[in-house]
Amino acid sequence: MSVRTLLAVCLTVVLVTTSCDEVQEHMAPAIHERDSVSVMTSYGVNTLISDSGVIKYRIVTEKWEVNQVKNPKLWIFSQGLFLEQFDEKFHVEAYIQADTAYNYYERKLWELRGRVKVRTKDGLRFSSEELFWDQMKHEMYSNRFSHIVTPEREMQGTYFLSDEHLTHYTVSNSKGSFVRGKDGFGSNEGDSILSAPDSVKSQRRQPTVPKAASPKPIGM
């Protein structure tokens with residue numbers, strides 16, 4: 001057999017062997033549950049939320065994601081949240097606004113971040129960069145600097161704890177407190193709030209509930 005014939009036979013064997021090899025497919029890695037995205041994403045939301053058949057909240061947001069894969073399961077409001085809280089007669093009890101919000105709905109826990117603002121029906125205004133709302137314990141709390149303004153006084157501190165109606169609250173590590181009078185500053189006589197430099201507690205009367213208002217940004 002000549003050299004030329006031998007080379008031709010070898011080349012034929014190589015070609016046949018190569019053609020019989022299984023074709024390699026280039027595939028991306030499998031997607032696991034931990035990598036899954038939200039199962040629902042809604043845009044431009046303005047909806048009412050009920051609890052046990054009673055309407056409790058109005059949610060207004062640009063983007064609402066529901067993720068049932070993560071543990072714990074949660075709602076994500078990455079582009080801001082405006083929330084109205086109603087009483088049993090559908091009167092507005094409070095307005096809540098935040099740049100970012102998470103609702104761990106199985107634990108009934110809200111986590112509000114960014115420019116968090118709350119305004120209640122009786123004129124209390126709260127602002128902070130963080131606020132947790134535990135609906136199981138019926139309380140709100142923050143470990144960040146918080147600023148509270150009421151018709152009677154103004155407070156600020158680095159720890160805040162309150163019932164979920166913001167009628168009984170405590171401000172610790174307070175930076176200052178004063179009683180508001182007709183001209184903005186009133187007398188300090190008989191004000192027990194000044195006798196507790198590291199803790200501010202206030203119990204306030206229940207005012208008349210105003211009529212429900214349309215969603216709007218909260219002015220501080």
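One-based numbering along the sequence shown.
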| field | From CD (Glu62) to CG (Leu81), nearest 0.5 Å | value | 11.5 Å

| said: For the backbone of Gly80 and the side chain of Thr61, can you confirm whether one donor and one acceptor N or O come within less than 3.5 Å of each other? | reply: yes

| query | Any side-chain heavy atom of Met155 within less than 4.5 Å of one from Thr150? | reply | yes

| If only atom types and distance count, is the side chain of Asn103 paired as donor or acceptor with the main-chain N or O of Trp75 below 3.5 Å? | no

| field | Criterion salt bridge (charged side-chain N to carboxylate O under 4.0 Å, His left out) against Glu129, the qualifying member of Arg115, Arg144, Lys117 | value | Arg144

| Is it the case that one hydrophobic cluster holds both Met40 and Phe77, taking links as side-chain heavy atoms less than 4.5 Å apart, direct or via other members? | yes

| task | Using the test side chain to side chain donor-acceptor pair (under 3.5 Å), find all partners of Gln79 that sit at least two apart in sequence or belong to another chain. | result | none

| said: To the nearest 0.5 Å, what is the distance between CG on Leu131 and OG on Ser146? | reply: 7.5 Å

| query | Is the ring centre of Trp133 less than 6.0 Å from the ring centre of Tyr57? | reply | yes

| query | Looking at CG of Asp134 and CD of Glu139, how far apart are the two atoms once the value is rounded to the nearest 0.5 Å? | reply | 5.5 Å

| said: How long is the straight-line distance from CG of Leu48 back to NZ of Lys56, given to the nearest 0.5 Å? | reply: 13.5 Å

| said: Nearest 0.5 Å, please: how far is CD1 in Ile96 from CG in Leu166? | reply: 7.5 Å

| How long is the gap from NZ on Lys121 to NE2 on His165, to the nearest 0.5 Å? | 8.0 Å

| message | I'd like to know if the side chain of Ser50 reaches the main chain of Gly53, judged simply by a donor and an acceptor atom lying under 3.5 Å from each other, with no hydrogens or angles considered. | response | no

| said: Taking the side chain as everything from C-beta on, heavy atoms only, tell me whether Gln156 gets closer than 4.5 Å to Phe145. | reply: yes

| query | Strictly under 6.0 Å, is that where the ring centroids of Phe126 and Phe160 end up? | reply | yes

| Do Glu154 and His147 get their side chains close enough for a donor-acceptor pair, meaning under 3.5 Å? | yes

| Taking only residues two or more places apart in sequence or in another chain, which ones pass side chain to side chain donor-acceptor pair (under 3.5 Å) with Trp64? | none

| task | Using a strict cut-off of less than 4.0 Å between a Lys/Arg side-chain nitrogen and an Asp/Glu carboxylate oxygen, indicate whether Glu130 and Arg113 qualify as a salt bridge. | result | yes

